[in-house]
Amino acid sequence: LERLGPCWTVVLSTRRDPAIKLARLAAAVEPDAMRRMTLLLEAGRYDEAVRDLCRTGWDLMFHGGVKTVLRLCSAFPPAFAQHSAELQQVAGMASWHLWKATTAQRHLARAEALFTARGDTTGALNARGQLAVIQVAMGRLEAAHRLLERLRDAPRGSKAEVLTRLCDTWVAMEAGRFDLVAQRFEALLDTLEREDSLEHWTLVVPSPRLTACRGVAPLLSRWADGVLAVTGERPLPLQALALLTRGWQALWQGRREDAADWLAQADASAQWTGRHVIARSHALALRSLAPAPNG
């Protein structure tokens with residue numbers, strides 16, 4: 001190879017170029033999103049591939065395909081991934097869906113910096129809101145407060161507004177301000193119901209601890225009603241979480257048989273998409289308590 005030098009390089013590139021061209025042409029007519037992304041990656045069309053990932057990645061996560069999304073993210077060259085705000089954001093949200101908080105934080109912080117550097121206000125706000133929620137989950141309330149102060153101007157009805165109101169709710173609960181929890185959760189629900197977007201509803205997963213807060217019970221019913229309406233007959237992970245929330249409400253109200261019934265319905269729903277890690281955690285906790293005798 002060393003003796004052939006540049007001549008060998010020409011032979012290799014000549015053999016490789018047709019394959020790249022064919023992958024690019026095939027991607028242009030491929031109707032399946034997953035195969036199209038694979039072809040675009042083979043053709044080196046990374047910008048197009050990440051745009052497809054942004055369009056289909058959320059839907060994949062709605063249907064329980066979080067690990068598939070992460071595999072797609074890892075298929076991009078590291079040099080490209082490091083400088084793609086959109087790819088960092090998708091990887092961050094997919095990691096968060098698996099409760100990999102540290103990994104999610106790293107990706108979303110990178111996404112926020114990249115969006116900010118290129119002057120994409122909407123992208124920066126969304127990444128910042130997601131990052132703020134994760135900071136609360138990691139117990140970093142001061143960091144969450146600092147991010148919240150930079151989210152107050154989020155446009156009405158935007159994803160950033162939903163994330164801001166969600167973070168406000170979690171901050172109140174984690175800080176022991178239980179008198180504020182119902183008020184803030186109601187403001188969050190108002191935003192969710194006004195926009196009625198599956199993507200926005202998916203951002204909000206009530207913790208079982210929320211069930212015990214004063215004044216929250218009717219609000220949780222509203223949340224579950226909204227989720228079940230937007231998911232319809234589709235057995236999505238979010239649907240299972242709504243059924244589990246019904247179960248937690250029944251348990252707190254002393255209706256143990258009803259709680260067991262909602263748990264069974266959630267298990268049946270989860271059979272179609274696999275057990276989402278958060279749904280599995282909530283189901284295990286409910287299953288450990290629902291059969292227990294009163295008192």
Side-chain angles (χ1 to χ4, degrees), residues 58 61 85-86 88-197 199-216 219-220 222-223 226 238 241 278:
W58 304 115
M61 285 191 272
E86 288 81 6
Q88 292 292 326
Q89 185 175 40
V90 173
M93 286 306 293
S95 299
W96 176 236
H97 275 268
L98 294 178
W99 274 7
K100 295 182 177 180
T102 302
T103 303
Q105 179 192 19
R106 184 179 71 251
H107 284 302
L108 289 167
R110 180 67 180 165
E112 184 201 10
L114 291 168
F115 280 127
T116 301
R118 78 181 192 205
D120 186 336
T121 304
T122 299
L125 281 171
N126 289 341
R128 194 173 301 146
Q130 292 156 348
L131 192 56
V133 171
I134 291 172
Q135 295 287 5
V136 178
M138 297 177 74
R140 300 171 179 172
L141 297 188
E142 290 186 9
H145 275 297
R146 288 195 295 271
L147 289 168
L148 277 171
E149 290 307 309
R150 299 167 59 204
L151 285 163
R152 297 303 179 191
D153 295 330
R156 179 180 169 85
S158 66
K159 182 194 292 188
E161 183 194 11
V162 173
L163 290 163
T164 301
R165 296 195 181 283
L166 174 62
C167 192
D168 276 336
T169 303
W170 292 153
V171 164
M173 190 161 65
E174 294 298 327
R177 298 295 307 277
F178 301 117
D179 54 320
L180 295 176
V181 173
Q183 172 190 331
R184 292 185 176 180
F185 190 52
E186 184 173 22
L188 170 60
L189 281 172
D190 290 342
T191 302
L192 290 172
E193 291 169 346
R194 186 175 63 244
E195 302 305 317
D196 204 26
S197 157
E199 183 178 346
H200 288 180
W201 283 103
T202 305
L203 295 170
V204 180
V205 178
S207 165
R209 292 182 296 128
L210 191 63
T211 315
C213 293
R214 185 184 300 111
V216 165
L219 302 177
L220 285 173
R222 277 176 59 188
W223 179 81
L238 188 63
L241 285 160
I278 300 176

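Computed from a prediction, not measured in an experiment: that's the story for all the values here.
- Here the shortest heavy-atom pairing between W201 and R222 reads CH2-O, 4.5 Å.
- No more than 12 heavy atoms of other residues, nucleotides or ligands lie within 6.0 Å of CZ in R214, so this atom counts as exposed by the packing criterion.
- Proximity of L108 to S95: side-chain heavy atoms (C-beta onward) are nowhere separated by under 4.5 Å.
- Listed here is the closest heavy atom pair of N126 and A160: OD1-N, 3.3 Å.
- Between R184 and E174 there is no salt bridge, since no side-chain nitrogen of the basic residue lies less than 4.0 Å from a carboxylate oxygen of the acidic one.
- Not counting sequence neighbours, the partners of A111 by the side chain to side chain contact (heavy atoms under 4.5 Å, CB included) test are Q88, Q89, F115, A127.
- In this structure the side chain of M138 reaches within 4.5 angstrom of the side chain of T102, judged on heavy atoms.
- Among all heavy-atom pairs drawn from V136 and A144, the shortest one is CG2-CB, 3.5 Å.
- Between R177 and D179 there is a salt bridge, since a side-chain N of the basic residue sits under 4.0 Å from a carboxylate O of the acidic one.
- Formation of a donor-acceptor pair under 3.5 Å by the R165 side chain with backbone atoms of T191 is not found in this model.
- Counting only heavy atoms from C-beta outward, the side chains of S158 and T122 never approach each other to under 4.5 Å.
- Taking 4.5 Å as the limit, every side-chain heavy atom of M173 sits out of range of all side-chain heavy atoms of T169.
- Heavy-atom minimum distance, V162 versus L188: O-CD1, 3.6 Å.
- With a 6.0 Å radius and a threshold of 12 heavy atoms from other residues, nucleotides or ligands, R118 has its CZ atom above the threshold.
- Contact of the T164 side chain with the L148 side chain is registered, since non-hydrogen atoms from C-beta on lie closer than 4.5 Å.
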